[in-house]
K.L.:
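Can you read through this structure? Questions will come right after.
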Amino acid sequence: MSAAAPSAQLTAFSPRVRIRRSFSVGFMVAALLAIAISMIMLGALVVEIAVDGAARLFTDGTAVEREARGGGIVTDLPTPVGMAWMTWALPVAILLPFIGPRLLNSLVPGLPRLAERLIGLIVLAPAAVFIHILYVRFESAYLIDYARAVGIDGASGNLLQLFGEASGFQIVRLLVIGILLPLGILAAGWFWSQRMRKPSMLIPAIMIIAWVVYLFIDPWFLSSFPSRKPADAGIFSAVTGTLYMMVITAAIAFPLGVGAAIYLEEYARRNWFSRMIQINVSNLAGVPSIIYGLLGLQVFVRVLEFERSVLAGACTMALLVMPIIIVSAQEALRTVPPSMREAAYAVGATRWQVIRFHVLPYAFGGMLTGNILAMSRAIGETAPLIAIGALTFIAFLADSPTDDFTVLPIQVFNWVARPQAGFHEIAASAIIVLMVILLLMNAAAIIMRQRTRTDW
Amino acid sequence: MARNFFTMMKSTAPSATEPSTAERTVAPPPPSMKQDAAAGVGVHLDPTLEAVRHDFTEEVEMALELRDVSAFYGSFQAIDRITLPVPRNRVTALIGPSGCGKSTLLRCFNRMNDLIPGARITGRIDFGGRNLVDPNVDAVEVRRRIGMVFQKPNPFPKSIYENVAFGARINGYSGDMDRLVEDSLRRAALWDEVKDELDKSGLALSGGQQQRLCIGRAIAVQPEIILMDEPASALDPVATLKIEDLMRELAEDYTIVVVTHNMQQAGRVSDYTAFLLAGEERVGRLVEFGPTQDIFTNPLDQRTEDYITGRYG
């Protein structure tokens, strides 16, 4: 050991260490900035609570209205307290996992990797618990204030009793978010310290989306049917109708589209006929969707007598997205290098075996991605469904594919067309739900594309 | 099956079992040829010209016999009337400058050119008494019996085990698959390196290992002939050496045809060498064929000599 000592001393001043230190200065600045932002947020929160208190709890007309008709005891709409808390907690939740281990490293350079991780966890764990306590405190304070304001006897100070009176959503929200958020921060920090960048980025991303949904969307809104009164109206039938139609659309369009793509790419000879089909497919992708609606009205609603059913809508949508699916599946098939096909042919595979065992499995991720993107196009389409006469006021769930249905964009269209301001507001909420569904689908497509990518 | 291709082709040829340079039979070159050849690069080959052939120095069976094989891509002719024997259980090298049709010729042997739209082959390739070029011959069956290893290692993006087992499985192999995989990988000199990680992706191996995996994959189908299209051109010298050793070992049980740009490699691994050359119109023709030693030490055509001594190509 003693023989190696001089060289060890030399390496202590090697350029690598110095570079690491200069990086660490940047991270310390970032960390201080994050802490400063957090403190300002925290100050704002304190001021807000002190000035406004529970007074602002009743600015939301919807909550009052629902209370008036004797609904749930506790509203699920976000409150000023909750909002302020989130503005404070979000930066911390996002930044802590990133700065935690690096902050440590900048303070104590040359820390062994294992110790760095352990200390990172030790620092993160109290932070997560702290956030958890803050959350429960504010949520409880809000509950107590609210209960007092609406005049629940004996509720003040007695959390357990209040929980007994609170709605199911409220308790679920308290438990899920109160536990999952600190756990999420912990997990993100752990993944980051393990140099697993993807999950450490993903967890804050999911948390942000969850918070945005939580901010604007009342779970009650998702689970109730349309109504004449904006406060009562929900999008349950629209969301389920959308999902129902999408599943049937995918079931029709994906096999047909992929089959067509396989035929065009792998089997069809390159002659005028296949070229004509190819040009037609490309052109069909650009045909206005209302045209598909009129086609669907005549073919599916009238001739095939599907009526204004989920099935008619799904068939029309399948026609609409088929060109997109075909083109993207063809592209996916083309990404499989010729060398893979040759390799399979060279061991005596037939054309179908090459496609079945090699080309399709390697291209499947790309095909699925194209399918999801096509579905996310279909999910926003309104015109063809209006053309086939999808209804806007559906106060029941479709039991079979032949039932009437409505979808989110049609519900939004209907609500924004009404004169009452309340409908405009819930239309905005419905749009957010639609956007979140779209975002999730596109994110799934991107993740799938990354995961199934092969470096040949 | 003809015992000796040339004794059959030319009844006047002396017995091939008596090796002697003095007795080497040479197709009579037209007077213009030597002159053209001396002109060097871009010699316009006379289409009627017959290739120079050395006599065989041994008794050997033929695995394949080509007669007047021409290949076309659409209207473009890639190779012109090549007549060539491929001796059984020997390594035959196809050499020549880029674009002379070596790879095209190789891909004729297992009907790989069928996959290219507009490609067609004329002439005869005798393989066990059948003409491979005949459209009625099932190309899939041909490829089962004549395996191929490509220039760039192209393992399937599946496990090492699956890479080897795939060919046997689709061909209805019903024996012990584990054993077949082990045997094939042993033959490909890869078993010791991968026996503990057969579940690992074939793409995770190094380039040389990938190429040996591809050789193992070809062996697993139990072919009679293995075609290799510049199998070591994408590999480093150490990996190349391993592949070359492997070729020599495999030649005991398989007929190997190898396309190579590397003259030393052809000299090291092959028993027989065919030299191809394309003229100005880019149509590849056979110039000289014979035992490798003869071709390298005593080329009879000026262009062959120029090429193997590195004067062009």
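Here is how names work: the chains are called A, B, and so on, in the same order as the sequence lines, proteins then strands, and each is numbered from 1.
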K.L.:
Going by an N to O cut-off under 4.0 Å, is there a salt bridge joining A:Glu265 and A:Arg334?
P.N.:
yes
K.L.:
Distance to the ring centre below 6.0 angstrom and angle to the axis at most 45 degrees; does that hold for B:Arg217 and B:Phe156?
P.N.:
yes
K.L.:
Only pairs of heavy atoms separated by less than 4.5 Å count here; which of A:Glu342, A:Arg270, A:Arg351 has the most with chain B?
P.N.:
A:Glu342
K.L.:
Which bit of B:Arg107 comes within less than 4.5 Å of chain A, counting heavy atoms only: side chain, backbone, both or neither?
P.N.:
side chain
K.L.:
Less than 4.0 angstrom from a charged side-chain N to a carboxylate O is my criterion; do B:Asp245 and B:Lys242 meet it?
P.N.:
no
K.L.:
What part of B:Leu115 is in contact with chain A, defined as an atom under 4.5 angstrom from a non-hydrogen atom: side chain, backbone, both or neither?
P.N.:
side chain
K.L.:
For the pair B:Thr255 (side chain) and B:Ala251 (backbone), establish whether a donor and an acceptor sit closer than 3.5 Å, ignoring hydrogens and angles.
P.N.:
no
K.L.:
Please determine, among A:Ala349, A:Ala343, A:Ala344, A:Ser339, the option with the most heavy-atom pairs under 4.5 Å with chain B.
P.N.:
A:Ala343
K.L.:
Can you tell which part of B:Met148 gets under 4.5 Å to a heavy atom of chain A, answering side chain, backbone, both or neither?
P.N.:
both
K.L.:
Cation-pi check for B:Phe72 against B:Arg120: NZ or CZ below 6.0 Å from the six-membered ring centre and within 45 degrees of the axis, yes or no?
P.N.:
yes
